[in-house]
Amino acid sequence: MTGNRRRSTLFLLILAGGLLLALALAGGLLDDRALTTDFSRKNLPPCPAYLFGTDWMGRDMLARTLTGLSLSLRVGALTAAASAAIALVLGTASAAFGGWVDALVSWLIHLVMGVPHILLIILVSLACGRGFWGVTAGVTLTHWPALARLVRGEVLQLKGAPWLRMSRRLGAPRGKILRNHILPHLLPQFLTGLILQFPHAILHEAGVTFLGFGLPPEQPAIGVILEESMSYLTTGRWWLALFPGLALVLVVVLFALAGERLRLLLSPASAQE
Amino acid sequence: MLHRLQFTAKKLVRMALLLLGVSLTAFLLMDASPLDPLQTNIGQAALGTMSPEQIARLEEYWGINTPAAERYVGWLGSALRGDFGVSLLYSRPVLAVVGQRLGNSLWLLLFAWVLSGGLGLALGLAAGANRGRWPDRLIRGYCLVISSTPTFWLALLLLMVFSVWLGWLPIGLSVPIGADAASVTLTARLYHALLPGLTLSVTGVAGIALHTREKVVDVLDSDYVLFARARGEGHILRRHVLRNVALPALTLQFASIGEIIGGSVLVEQVFSYPGLGQAAVAAGLGGDLPLLLGITVVTAALVFGGSLAADLLYGVIDPRIRRGAAKA
C-alpha cells in the first residue's frame, strides 16, 4: 500500500513538473497564434479545428488559454519561490534569535494576515505601477506568513533537540549548526510548503488580473481572458469563459494534489498510514 | 474579572498598533505608486486643453504637492477624530461611502459567513467520522476542487447557468434596476444577494471543512474516545467530538472573515453588486487614495475585531482557558 502511494505521488509530481515545462514551452511557441486576429473565423463555437472556439476577433481560444496558463505558471513559480524564501529567512530568524526579532516577525505576520490578500495585492500592485512586476511583488509579499509560521514552529522545536544542544556544547559555530542541523530538517516541510504555495499564488494572480490590477490587457493571461469574456456572457458565448477557467482549475488541482500527497508522505505522523 | 479586563485591554492595544501599522503600510504603498492620479482620472487629452491654473487647482485637489509624511500625520490626526477625508471619486466623506457600501455588503458577508461556517463544520464532522469511506472521499474531493477554483470564475459560471440560461436569478446589482431606494423590499434585496452569497459560501466551505476533519480524526484517535467506546458509550460524536472541535472551529470561523471579505471583492465585481469590494476596486483603479485607505483600515479593523472576539469567546466556552488566563 505504502509503495503504491509513494509511486503515485512520484507520478503526480513528475506529471506536475512535466506540465510546468510543457506549458512554459507552449507559451513561447504559441505566442503568435494567441495574438493573431482573423475576422473570417470570429465567434466560432468549439469545433474540431478550434477545440476551445474563437473569440470576437477570431483569435484561437486554445492557443490563448495555453499561453495564459504558461504565463500564470511562470508567475506562480516565481512568486511561490520568492515568498517561500522570505518565509524561510523570517521564520528561521524569528525562532533562532527570539526576543525583539521574534516579536517583530510575529507582528508582521499579523499585519499581513489582517488585510485580505486581494486588497493587499491591489495596494502592492499599485505601488509597483501594476503590470507583471506589480502582481509578482503583490503575490510574493502576501503569501509568506503561513509558511513562515510553520518554519518558526519547526525551528523552535529543533532548538531543543538533544543533538543540537550537544553540537552547541561542543562549540560548533552558529552558522555551522544552522547549515548542518537545522536546514536539512526543514527541507521536507519547506518543499511541501513551496509546492502548496503554488496553487494559491496562481489563483491570486488570476484574481488580481481579472480585476484589472495585474497583467496588461494585451497579454493573454487567464485573468484577462476571463475578464474579456464577461462582456459576452449575456449573448450566450459560454465557451469564452468555460474552457480557460476549466484549464486553470485542472492545473491548480494537479499541483494542490501533488503537494498534499507529498505532505502526507513526508510528515512522520501520516507516512505509514 | 480584573484579569479578564487586563487581557482584553492588552489585546485592544495590540489591535490598535496593528491598525496603525496597516494604515501606515497602505499609505506608503499608495504613496510609492508611480501612477499619476491626474492622468488616470482626467486623461492626457483633457489635461492638454486645461490652463496651468486649472491644473494647479486639480493638483491641489488630489494632494500631489504635499510631502508624504505631512499628509500621513494630517490624515492620522483627523482619522482619530473620525474624519477619514473625502473620497475623490464620489466627492463624499470616506466614512459615508464606506458605511453605505458596507451596509450593502453586510447582507452578503453575513449570509456567506454563517452558511460557509455551518456547512464547513457539518461537512468536516461527516468526513472525519467516516474517515476513509466514500463520504470522506467525496467531501475531500469537493474541497480540493473548490479550493482550486478561482472564486470569480465560479461566479461567472453560476451567473451563466442561473441568470443567462435558466433566467431564474437577476444578473447583478443589489436592487432591481430603476427601483426607488425606498421601495426596495427585503425579499428583493435577498433575491439579488442570493447568487453572490451562494458563490461566497460554496467557496468558503473548503478550508473550514478540511481543518475540522483533521481535528475530528485526531479526537477520534484519542485515548478518551477509545475508553468511551470500550465502556459502550453512545453519542460519542456529540459528547466528545463536538466539544473538542468547538474551539478550533471557532478560530476557523473568525479567521475566515478576512477570506470572505477578500472573496467578496471578486464576487461583487462579477455581479456588479455595489458593495465595499466593488468600491475598493473602483478606488484602486481610479487612484482614489483616501477611499482605498479608508476601506483598507475598516476591513483590517473587521478582521482584527474578529480575532479579538474569538480570543474572548474562548474563555466563555472553555473554563480551562478562563482559569488559565486568570492565573497568567
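Here is how names work: the chains are called A, B, and so on, in the same order as the sequence lines, proteins then strands, and each is numbered from 1. Computed from a predicted model, the values in this text were never measured in an experiment.
Between A:W107 and B:L18, the shortest heavy-atom contact is NE1-CD2, 3.5 Å. Among all heavy-atom pairs drawn from A:S229 and B:L156, the shortest one is OG-CD1, 4.3 Å. A:A256 and B:L144 make their closest contact through CB-CD1, 3.8 Å (heavy atoms, listed as atom of the first residue, atom of the second, distance). Contact between B:P150 and A:L248 at its shortest, heavy atoms only, is CG-CD2, 3.5 Å. The shortest heavy-atom contact between A:L123 and B:A26 is CD1-CB, 3.8 Å.
Of the two parts of B:Q269, the backbone and the side chain both hold a non-hydrogen atom closer than 4.5 Å to a non-hydrogen atom of chain A. In this structure, chain B has no heavy atom under 4.5 Å from any part of A:L108. If you measure heavy-atom distances from B:L17 to chain A, the contacts under 4.5 Å come from both the backbone and the side chain. If you measure heavy-atom distances from A:L242 to chain B, the contacts under 4.5 Å come from both the backbone and the side chain. Of the atoms belonging to A:H110, heavy atoms from both backbone and side chain fall under 4.5 Å from chain B. For A:L119, the part sitting under 4.5 Å from any heavy atom of chain B is the side chain, from C-beta outward, and nothing else. Contact of A:L257 with chain B is made through backbone and side chain together, with heavy-atom distances under 4.5 Å.
With values rounded to the nearest 0.5 angstrom, B:T296 atom OG1 is found 8.5 Å from A:L120 atom CG. Rounding to the nearest 0.5 Å places CD of A:E260 at 9.0 Å from OG of B:S147. Between atom CD1 of residue A:I118 and atom CD of residue B:E259 there is a gap of 12.0 Å, rounded to the nearest 0.5 Å. One distance of note links NE2 of A:H204 with OG1 of B:T151; it measures 8.0 Å at 0.5 Å rounding. Rounded to the nearest 0.5 angstrom, B:L266 CG and A:F210 CZ are separated by 7.0 Å.
Side-chain contact between A:L126 and B:L292: present, with at least one pair of heavy atoms (C-beta onward) separated by less than 4.5 Å. Under the 4.5 Å side-chain criterion, counting only non-hydrogen atoms from C-beta, B:W153 is in contact with A:L226. Counting only heavy atoms from C-beta outward, the side chains of B:V265 and A:P116 never approach each other to under 4.5 Å.
Of the residues considered (A:G207, A:G134, A:C128), A:G207 shows the highest number of contacts with chain B, using heavy-atom pairs under 4.5 Å. Contact tally against chain A (heavy-atom pairs below 4.5 Å) for B:G21, B:G263, B:A255: the top residue is B:G21. Highest contact tally toward chain B, considering only A:P199, A:G212, A:G114, is held by A:G114 [criterion: heavy-atom pairs under 4.5 Å].
When the options A:V249, A:V252, A:L246, A:V253 are evaluated for a side-chain contact (heavy atoms from CB on, under 4.5 Å) with B:T149, the one that passes is A:V249. With B:T25 as the partner, the side-chain contact (heavy atoms from CB on, under 4.5 Å) test is satisfied by one option alone out of A:V124, A:L111, A:V115: A:L111.
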